[in-house]
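Have a look at the structure below, then the notes.
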Amino acid sequence: MKKVVASIEARMTSTRLPGKVLLNCLNKSMLELMVERVRHASTIDEIVIATTTNQADDPIEALAKKLNVGIYRGSEMDVVQRVVDAHRQSGSDIVVQLTGDCPLIDPRIIDALVRFYKMNQFDYVGNAVVRSFPIGMDTQISSREILEQSLTLAASSSDHEHLYATIYKRPDQFRLYHFVCSIEEMWPELRLTLDTKEDFELISHVFQALYSKDSVFTLIDMIRYLKNNPDLVKINQFIPSKGLT
C-alpha cells in the first residue's frame, strides 16, 4: 500500500496577516482546526506540518507536537525544497499538498481528489489552477517523485515559492488533471482562505455558526450558510487574491 501524506505549509511571518495560523477561534488556533478537519480525510495516512527554521515558528512546532502530527522545519524562501524535504522525512509515496491558509478545508474534497488520483494515471491532480471550488479548498496531489521533479525544474524564485508551478506550466510534458467541483459546490470567487483580518472574520463566523452542529461540516454546509447570510460574504469580497504564479 502506498503511503499518503498530507503536508500543510505554515509559518508565522506571513506578509498580509502575521501569525494568522495561530489566531484563535472556538478556543483553538486556525491551524489546530485545520489539522482536525484534515484528520477526517479517510485517505490520509499521516500529516506533516512544513514550517521554517525561523525562531518565530517555534510555536508551530510546539503545536504540531501537542497535536501529535509530523513537523519538518526548513527554508522559508524555498517553499518547494521545504515541502520536498518534509515528504522525504515522512516517507510518503503520494503527496497531498495543502497550505495553512485553508482552515475550512473539507476532508471530503481531499478524499475525492486522492481517490481520483489513485484510480487514474495522472502525474498531477489538483483543484487550485483551474478554479471552480471556493478559494480555500485548494488541494494538489502527485507522487513524491513528481514533486521532487518539480524542484529540479525550478528556475525562478516563483518556481521555488509555488508548489507544482513547474509541473502545471508543462502540460505537454506531464499528465495533468484539473479537478472540477459539483454545481452545488461551485463558487470560485468566494474567499474561504485565510490571508487578511477580513478573511479571519469571515472564517470565524463560519466556524462559530456550524462547528457546534457538526464539527466536520461540509463545503455545501458553508455555501448554504453564506447564501443565507450574504452580508458576511461582503466582509472580504474586495480582497484581491494572490495568484499561484
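Position 1 is the first residue of the sequence, and the numbers go up from there.
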* Report yes or no: does Ser75 contribute a side-chain atom to a donor-acceptor pair with the main-chain N or O of Met77 at less than 3.5 Å? => yes

* Listed by chain and number, what are the salt bridge (charged side-chain N to carboxylate O under 4.0 Å, His left out) partners of Asp231, not counting sequence neighbours? -> Lys234

* Check ion pair Lys169-Asp159 (N to O, under 4.0 angstrom) -> yes

* Asked: Would you say Leu153 and Phe174 make side-chain contact, with heavy atoms under 4.5 Å?
  -> yes

* **Glu189 CD: over 12 foreign heavy atoms closer than 6.0 Å** => yes

* Any side-chain heavy-atom pair from Cys25 and Ile203 closer than 4.5 angstrom? -> no

* **Same cluster (ILVMFWY, side-chain, under 4.5 Å), Leu26 and Leu22** => yes

* Quick one: CG on Leu210 to NZ on Lys213, what's the gap to the nearest 0.5 Å? -> 6.0 Å

* **Heavy-atom closest contact (Phe122 atom, Val125 atom, distance)** => CB-CG2, 4.0 Å

* To do: Decide yes or no for Arg115 and Ser42: does some side-chain heavy atom of the first lie under 4.5 Å from some side-chain heavy atom of the second?
  => yes

* To do: Find out if a path of hydrophobic residues (ILVMFWY) with successive side-chain heavy-atom gaps under 4.5 Å connects Met34 to Ile135.
  => no

* Would you find more than 12 non-hydrogen atoms of other residues, nucleotides or ligands less than 6.0 Å from Asp214 atom CG? -> yes

* At their closest point, which heavy atom of Ile239 faces which heavy atom of Asp199, and how far apart are they? -> CG1-OD1, 4.5 Å

* **Point-to-point distance, once rounded to the nearest 0.5 Å, from CG of Asp195 to OG1 of Thr15** => 8.0 Å

* To do: Nearest 0.5 Å please: distance from the CD atom of Gln140 over to the CG atom of Leu113.
  => 9.5 Å

* Asked: Side-chain contact, heavy-atom cut-off 4.5 Å: Lys2 with Lys118?
  -> no

* CA sep, side-chain torsions, deciding dist, call: Val48, Val5, side chain to side chain contact (heavy atoms under 4.5 Å, CB included) -> CA-CA 7 Å; Val48 58; Val5 177; 3.8 Å; yes

* To do: Step by step, work out the side chain to side chain contact (heavy atoms under 4.5 Å, CB included) result for Trp187 and Leu226.
  => CA-CA 11 Å; Trp187 195 347; Leu226 291 171; 4.2 Å; yes

* Asked: Hey, what do you get for CD1 (Ile141) to CD1 (Ile146), rounding to the nearest 0.5 Å?
  -> 13.5 Å

* Which residues pass the salt bridge (charged side-chain N to carboxylate O under 4.0 Å, His left out) test with Glu46, sequence neighbours left out? -> Lys3

* Asked: Hey, is Glu36 close enough to Lys28 for a salt bridge, meaning N to O under 4.0 Å?
  -> yes

* Report yes if some heavy atom in the side chain of Tyr164 is under 4.5 Å from a heavy atom in the side chain of Val129; otherwise report no. => no

* List the atom of Arg191, the atom of Pro240, and the distance in Å for their closest heavy-atom pair. => NH1-O, 4.0 Å

* Asked: Applying salt bridge (charged side-chain N to carboxylate O under 4.0 Å, His left out), which residue pairs with at least one partner in residues 83-108 are found, sequence neighbours left out?
  -> Lys20-Asp101, Asp85-Arg88, Arg88-Glu148, Asp106-Arg108

* Asked: What residues, two or more places apart in sequence or in another chain, satisfy salt bridge (charged side-chain N to carboxylate O under 4.0 Å, His left out) together with Glu61?
  -> Lys65, Arg73

* **Gap between atom CG of Asp111 and atom OG1 of Thr43 - 0.5 Å precision** => 3.5 Å

* Got a donor-acceptor contact below 3.5 angstrom from the Asp123 side chain to the Leu176 backbone? -> no

* Note, Ile110 side chain near Leu98 side chain (heavy atom, < 4.5 Å) -> yes

* **Backbone N/O of Thr53 and side chain of Asp57: donor-acceptor pair under 3.5 Å** => no

* Could you state whether Phe179 and Leu163 fall into the same hydrophobic cluster, counting links through intermediate Ile, Leu, Val, Met, Phe, Trp or Tyr residues with side-chain heavy atoms under 4.5 angstrom apart? => no

* Only one of Val96, Ile94, Val95 forms a side-chain contact (heavy atoms from CB on, under 4.5 Å) with His87, so which one is it? -> Val95

* Is Ile49 linked to Val84 within one hydrophobic cluster, defined over Ile, Leu, Val, Met, Phe, Trp and Tyr using a side-chain heavy-atom separation of less than 4.5 Å? -> no

* Structure fact -> Heavy atoms of Glu184 and Ile223 approach each other most closely as O-CD1, 3.6 Å

* Asked: So, for Phe116 and Tyr177, is the gap between ring centers shorter than 6.0 Å?
  -> yes

* **Nearest atoms (heavy-atom pairs only) where Ser29 meets Leu63** => OG-CD2, 3.5 Å

* So, the side chain of Thr166 versus the backbone of Ala154: is there a donor-acceptor pair under 3.5 Å, distance only? -> no

* To do: Indicate, with yes or no, if Val38 and Val4 share a hydrophobic cluster defined by side-chain heavy-atom contacts under 4.5 Å among Ile, Leu, Val, Met, Phe, Trp and Tyr.
  => yes

* All pairs passing ring-ring contact (aromatic ring centres under 6.0 Å, His included) where residues 197-221 contributes a residue, at least two apart -> Phe207-Phe217

* To do: Side-chain contact test, heavy atoms from C-beta onward, threshold under 4.5 Å: evaluate it for Leu23 versus Leu17 and give yes or no.
  => yes

* Structure fact -> CD1 of Ile109 to CG of Leu219, rounded to nearest 0.5 Å, is 4.5 Å

* Residue pair Cys181 / Ser132: nearest heavy atoms and the distance that separates them -> N-OG, 3.0 Å

* To do: Dump the intermediate steps for side chain to side chain contact (heavy atoms under 4.5 Å, CB included) on Leu104 and Met137, then the final yes or no.
  => CA-CA 7 Å; Leu104 288 169; Met137 297 295 129; 4.1 Å; yes

* Asked: Any side-chain heavy atom of His162 within less than 4.5 Å of one from Val79?
  -> no

* Would you say Arg37's side chain and Ile105's backbone share a donor-acceptor pair under 3.5 angstrom? -> yes

* Does any N or O in the side chain of Asn127 come within less than 3.5 Å of the main-chain N or O of Thr139, such that one atom is a donor and the other an acceptor? -> yes

* All side chain to side chain contact (heavy atoms under 4.5 Å, CB included) counterparts of Glu76, not counting sequence neighbours -> Arg11, Thr13, Thr52, Asn54

* To do: Evaluate side chain to side chain contact (heavy atoms under 4.5 Å, CB included) for Glu198 paired with Gln237, printing each intermediate quantity in order.
  => CA-CA 9 Å; Glu198 291 84 4; Gln237 66 179 8; over 6 Å; no

* Test item: side-chain donor near acceptor, Arg82 and Ser7, under 3.5 Å -> no

